[in-house]
Q: 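Supplied in C-alpha cells, the structure appears directly below.
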Amino acid sequence: MQQQKDLFAHYKQPSIKEDSYVTGLKLANSLKGSELVPFIPINGRQVNFYYCGPTVYSNSHLGHARQCYCNYVFRTYLGIDVIRRTLRDYFNYDLLSVMNITDIDDKIINGAKSANQDFLEFTKVWEKDFFSAMEALNIELPDVITRVSDYVPEIVTFIEKIIANGYAYDSNGSVYFDYFQFQIKLQHTYPKMRPETNADLLQEGEGESQANKQSEKKSPNDFALWKASKPEEPKWPSPWGEGRPGWHIECSVMASAILGNPIDLHAGGIDLIFPHHDNSLAQAEACFNCDQWINYFIHLGHLNIADRKMSKSLKNFLTIDEVLKRYTPRQIRLNFAIHQYDAVMNYSEEQVEQAISKDKAYQEFFQNTKIYLRESQVTGPQKWTQNDFQISNLLRNTKQVIHAALLKNFDFPTVIDAIDKLINQVNVQIAGKTVRAPLVSSVVQYVNFILGLIGLNYQAQNSNSSDIKSIMAEVCSIRDQVKLAARKGEFEAISNIVSQKQFQYEKNLSNGIVDCINQFQQLVLAASQEKNKQQLFQLCDRLRDEELFELGIKIEDKEQASIWKQYDPKELKLEREQQLKLIQQKELLKKKEEEKKKQEELEKLEKAKVPPKDLFISQLDKYSEFDEKGIPVKDKDGNELSKKQKKVVQDLWDKQNKIHNQYLETLKKQQQ
C-alpha cells in the first residue's frame, strides 16, 4: 500500500536549547496542518509576535471582533488580545507585539475616490473608528503599530532583494513573484499552509486592479509584489517606475523590519490563510533565502451569523457601536471567550444571553465576596473546618484543570467552565458563612487573575467603594429602621431616626449619594408627620429602585439588614434594560404559545364537527366506493381494499366517531 505523502513535511520544529524557556504550551500551528505543536521561542522567554491589522476603509463590525474577509477587526482582535494577555501574564513570556495598518489597498483607493478625499485622509477616519472600537472593548494596543504608507521605501528594497535572489521579475512597470522559480526550480514549498489550494483562490487575493493583468505574468500562479501606477491613484517612485505595493508584500516587510528573521509567532484570521499568509511566507523566504520565516502561525475562526459567514457582501454584519448599545464590553468579551478561538463561532441571541448570565454571576460573586470579607473579622475563629478543606482542595484542582487547558492551545471554554464550578461552590459556602475569610480572599484573587486574561476586571469597577462604605452603611441602616418603624406605626420614632444627622459632602465621596439620603430624610420626615405609612414605603422603594440605582448603587433587602452593592451606573441601567427585554421576549413567546394552542383547539373542534360518515366521502382521489357507514371499500381504480388498508380506514373512522360523539355530548350539555 502506497504511503500517504505528508503535506506538512516542510515544517521544522524549533529545537530546545540550553537557554530555552519551556512551559509545555502547545499551539494549533497552521504550518503543521493545525496540529498541536510545542511552543519553543527562539530566544529564551522573548517572543516576537506579529498579527495582521485592519484594512481601514469602513466602520468596525462584530466580525472584526473575530475576523471578516480581508478587513478584519473584532473576533480576531478580541482573540489575539486574550492570547497576548495569556502569553504575557500567565506564561510569563517577554512579548514584543506588532500590528500593521493597511492604508494602501484597492478598496481604500476606490472608497477615497467615491468620497472625493485624499486616500490618507480617508483612512485616518476609519483608523480612528477602529481604535475607538478597540478601546471600547478593552483591547490592548500592540507594542508597535506599522502603516504601509510609512514603509514604502523598505518595501521597494525588499522587492529588489527578491529579484536579486531570482524569485521575481518586472513586467510593464509591475513586479511579480515567480512561482516557477520559487517552487519548481529551487524546490521551495508553496503554499505551505494550504497545499491543496489552486490558482483560482490566488486570483481572489490579487485585488481588483490586477484582474486583467494575466498577460503580464509568466504563470497564472504569479502574484503582484509591486503594481504599476494608474491614473488618479497614489504612487511612489521605484526602479520599475511609479507605482504602489501589492497587498501581500506589506506584512512580510513590516514584520521583518521590526522583528527580523525568523519570527516566533504570527496570527490572523482564517480567511487570510491563503493566499495572503502563504504569499507573505513565500516573499519573506525568497528575500532571506531561508526555509522557514515564521515558526508558529495561528488562525482565528470564522464568525457566522445565523450559520452564515459574517461579511459586508452578505450584509449580515453588526457594527461595534450597535452591539455596545445592547451589551457591555464584558458581555461581548465573555461571548467570544466561551468559544475556542480557532473554531467557527455562530453568533446568536441565545449565546449572548449565556454570556449575559455569566457576567451577572461573576458580578454577584465579586459583590458577595466583597460583602463577606467586609463583614468578616480576621480576629475571629480561624481554625479550618471540613468546608475550608473542601474549598481549598477545589481551588487547587481548579488551578490544575485551568493550567492544563491553557497549555492546550488556550482552551478558554474549559477555563470558563472550571471557574464557574469554583464560583458556585464558594457561593454556597459564603451564603452559609462556613468558610474562612482568608481562603475566600485567595479564591477571589485567583478568579480575578484568570478572568483578567480574558480582559475582565470586576474589582476595578468598584475601586472607589471604600470611599462610600461608611455612608452606605448608614443609608441602609436608616432605610431599614424607617421600614421597620412604619410597619409598627411608630411615626414619632421615624421622625427621630431621620432627624439625627444631616450628611455632608466629603472628599472622594459621591455628592449624588449625599443629596439622595438628605432628600430622602426630608421626605420621610414629612410623611411621618402626616402618618402616611404607604408613602413611607414608597419613599424607601424609590430610594432603592430609582435614586441610588441611577448612581450605580443596588440595595438588596434581606430578612435582617439590607446590603448594598456598587456597579457602573451605565452597566446597571443596561442590565435592567436587558432584563426587561428578556421579560418581553418571554411574554411574546408565551403569547405565541397560547395563540398556537388556541388555533390547535379550533382545528380540533372543527375536525370533531365532521360526522364519521362524511370523513372519507370527499376523498374521491383515493376511494371510489363506501359502505353504509361511509367507510371506503374500494380504491379509486375500483379495486377492493386490502386487509391492511381496511384496518387503517376503520381505525380512522373509529377515532373520528369517538371525537364526534364527544363533541355532540358537549354541545348537548351547553344547550341544557
Q: Do the non-hydrogen side-chain atoms of F49 and H266 ever get within less than 4.5 Å of each other?
A: no

Q: Less than 4.5 Å apart, any side-chain heavy atom of N409 and any of K26?
A: no

Q: Suppose we screen for salt bridge (Lys or Arg N to Asp or Glu O under 4.0 Å). Which residues come up paired with K399, at least two apart in sequence or across chains?
A: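 Testing K399 for salt bridge (Lys or Arg N to Asp or Glu O under 4.0 Å), a comparison that skips the adjacent residues, returns none.
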
Q: Using side-chain heavy atoms (C-beta onward) and a distance below 4.5 Å, is S252 in contact with F158?
A: yes

Q: Using a 3.5 Å distance criterion without hydrogens, assess whether the side chain of N387 forms a donor-acceptor pair with backbone atoms of V435.
A: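 Such a contact is absent between N387 side chain and V435 backbone.
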
Q: Using the test ring pair (Phe, Tyr, Trp, His ring centres under 6.0 Å), find all partners of H403 that sit at least two apart in sequence or belong to another chain.
A: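 Partners of H403 under the ring pair (Phe, Tyr, Trp, His ring centres under 6.0 Å) test: Y90.
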
Q: Between R333 and D81, does a salt bridge (charged side-chain N to carboxylate O under 4.0 Å, His left out) hold up when you go through it step by step?
A: CA-CA 10 Å; R333 291 188 73 106; D81 187 59; 2.5 Å; yes

Q: Taking atom types as modelled, is there a side-chain donor on D417 or T414 under 3.5 Å from an acceptor on the other?
A: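 Not at all, the side chains of D417 and T414 share no donor-acceptor pair under 3.5 Å.
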
Q: Taking the side chain as every heavy atom from C-beta outward, state whether I356 and L582 have any atom pair closer than 4.5 Å.
A: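 I356 vs L582: side chains apart.
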
Q: Hey, is D89 close enough to R84 for a salt bridge, meaning N to O under 4.0 Å?
A: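 Result for this pair is no, no salt bridge flagged.
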
Q: Going by distance alone, is a donor N or O of one side chain under 3.5 Å from an acceptor N or O of the other, for Y362 and D420?
A: yes

Q: Can you name the residues that form a ring pair (Phe, Tyr, Trp, His ring centres under 6.0 Å) with F366, not counting sequence neighbours?
A: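 By the ring pair (Phe, Tyr, Trp, His ring centres under 6.0 Å) rule, F366 matches Y458.
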
Q: Distance alone, cut at 3.5 Å: any donor-acceptor contact between the side chains of Y327 and N335?
A: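 There is no such pair between these side chains.
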
Q: Could you state the interatomic distance from CZ (R436) to OG (S442), rounded to the nearest 0.5 Å?
A: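 Taking CZ in R436 and OG in S442, the distance rounds to 14.0 Å.
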
Q: Please report the shortest heavy-atom distance between N295 and Q292, naming the atom on each side.
A: OD1-NE2, 2.9 Å

Q: Would you mind reporting whether P142 and Y51 have side-chain heavy atoms less than 4.5 Å apart?
A: yes

Q: Does atom NZ of K581 have more than 12 heavy-atom neighbours, drawn from other residues, nucleotides or ligands, at distances under 6.0 Å?
A: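 More than 12 heavy atoms, drawn from other residues, nucleotides or ligands, come within 6.0 Å of this atom.
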
Q: Taking 4.0 angstrom as the limit, do D278 and R194 come out as a salt bridge?
A: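 Not counted as a salt bridge, because no side-chain N and carboxylate O are separated by less than 4.0 Å.
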
Q: Out of D291, T189, N29, which one pairs with Y11 under the side-chain hydrogen bond (donor to acceptor under 3.5 Å, both in side chains) rule?
A: N29

Q: If you count heavy atoms of other groups shown closer than 6.0 angstrom to CD of E135, is the number above 12?
A: no

Q: For the atom pair NZ (K360) and CD (Q363), what is the distance rounded to the nearest 0.5 Å?
A: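 It comes to 7.0 Å.
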
Q: Looking at CG of N92 and CZ of R45, how far apart are the two atoms once the value is rounded to the nearest 0.5 Å?
A: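 Going from the CG atom of N92 to the CZ atom of R45 covers 4.5 Å.
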
Q: Count the heavy atoms belonging to other residues, nucleotides or ligands that lie under 6.0 Å from NZ of K128, then report whether that count exceeds 12.
A: no

Q: Are E353 and Q578 close enough that a side-chain donor and a side-chain acceptor fall under 3.5 Å?
A: no

Q: Below 3.5 Å, can you tabulate the donor-acceptor pairs from side chains in residues 30-37 to any protein atom, sequence neighbours excluded?
A:
residue : atom : partner : partner atom : Å
S30     : OG   : F297    : O            : 3.4
S30     : OG   : H299    : ND1          : 2.7

Q: If every non-hydrogen atom of N100 is compared with every non-hydrogen atom of G53, which pair is closest and at what distance?
A: OD1-N, 2.6 Å

Q: Apply side chain to side chain contact (heavy atoms under 4.5 Å, CB included) to residues L300 and L78 and explain how you reach the verdict.
A: CA-CA 10 Å; L300 293 95; L78 281 173; over 6 Å; no

Q: Rounded to the nearest 0.5 Å, what's the gap from CG on L120 to CD1 on I104? Could you check?
A: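 Here the rounded value is 7.5 Å.
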
Q: Tell me, do Q367 and K554 make a side-chain contact under 4.5 Å, heavy atoms counted?
A: no

Q: So, taking the atom named CD1 in I423 and the one named OG1 in T369, what distance separates them when rounded to the nearest 0.5 Å?
A: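 So the gap between those two atoms works out to 9.0 Å.
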
Q: Given side chain to side chain contact (heavy atoms under 4.5 Å, CB included), test I391 with V443 step by step and report yes or no.
A: CA-CA 9 Å; I391 294 299; V443 173; 4.1 Å; yes

Q: What is the minimum heavy-atom distance between W293 and E285, and which atoms define it?
A: N-OE2, 3.4 Å

Q: Does D129 reach the side chain of V125, with side-chain heavy atoms less than 4.5 Å apart?
A: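 D129 vs V125: side chains apart.
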
Q: Which heavy atom of F412 sits nearest to which heavy atom of A337, and what is that distance?
A: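 For F412 and A337, the tightest heavy-atom pair comes out as CB-O, 3.7 Å.
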
Q: side-chain hydrogen bond (donor to acceptor under 3.5 Å, both in side chains) with R330: which of D359, N138, D568, N457?
A: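 Only one option passes, and that is D359.
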
Q: Show your working on salt bridge (charged side-chain N to carboxylate O under 4.0 Å, His left out) between R326 and E349 and close with a plain yes or no.
A: CA-CA 11 Å; R326 299 161 60 184; E349 293 295 325; 2.6 Å; yes

Q: Between N279 and Y190, do the side chains contain a donor N or O and an acceptor N or O under 3.5 Å apart?
A: yes

Q: Given F131, which partner from the list V56, I101, I139 fulfils the side-chain contact (heavy atoms from CB on, under 4.5 Å) test?
A: I101

Q: Passes side chain to side chain contact (heavy atoms under 4.5 Å, CB included), L574 versus T328? Steps please.
A: CA-CA 8 Å; L574 183 57; T328 68; 3.5 Å; yes

Q: Check step by step if side chain to side chain contact (heavy atoms under 4.5 Å, CB included) holds for L406 and F91.
A: CA-CA 9 Å; L406 291 177; F91 289 109; 4.0 Å; yes

Q: Less than 4.0 Å between a side-chain N and a carboxylate O, is that true for R88 and E140?
A: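 Yes.
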
Q: Quick one: pull up CD1 in I402 and CG in D411 and give me the separation to the nearest 0.5 Å.
A: 10.5 Å

Q: Using a 3.5 Å distance criterion without hydrogens, assess whether the side chain of H10 forms a donor-acceptor pair with backbone atoms of K192.
A: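 A pair under 3.5 Å: yes.
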
Q: Could you tell me whether the side chain of T123 and the main chain of D103 form a donor-acceptor pair under 3.5 Å?
A: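 Not at all, since once roles are kept as given, no pair shorter than 3.5 Å links the two residues.
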
Q: Ion pair present between E571 and R576, side-chain N to carboxylate O less than 4.0 angstrom?
A: no

Q: Do you know the tightest heavy-atom contact between L407 and L25?
A: CD2-N, 3.4 Å

Q: What I want to check is whether the side chains of T55 and D105 have a donor and an acceptor closer together than 3.5 Å.
A: no

Q: Look at the side chain of N448 and the backbone N and O of V444, then say whether any donor-acceptor pair between them is shorter than 3.5 Å.
A: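 Flag not set: sc N448 to bb V444 has no pair under 3.5 Å.
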
Q: Taking 4.0 angstrom as the limit, do R147 and E127 come out as a salt bridge?
A: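 A salt bridge is present here (some side-chain N lies under 4.0 Å from a carboxylate O).
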
Q: Which residues pass the ring pair (Phe, Tyr, Trp, His ring centres under 6.0 Å) test with F39, sequence neighbours left out?
A: Y93, Y296

Q: Check ring pair (Phe, Tyr, Trp, His ring centres under 6.0 Å) between F389 and all other residues, then give those that pass, not counting sequence neighbours.
A: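 Expected list: W384.
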
Q: Do any N or O atoms from the side chain of S441 and from the backbone of A437 form a donor-acceptor pair under 3.5 angstrom?
A: no

Q: Can you name the nearest heavy-atom pair linking I83 to I298, along with the distance?
A: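 In this case the closest contact between I83 and I298 is CD1-CD1, 3.8 Å.
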
Q: Quick one: does I454's side chain get under 4.5 Å of R85's, heavy atoms only?
A: no

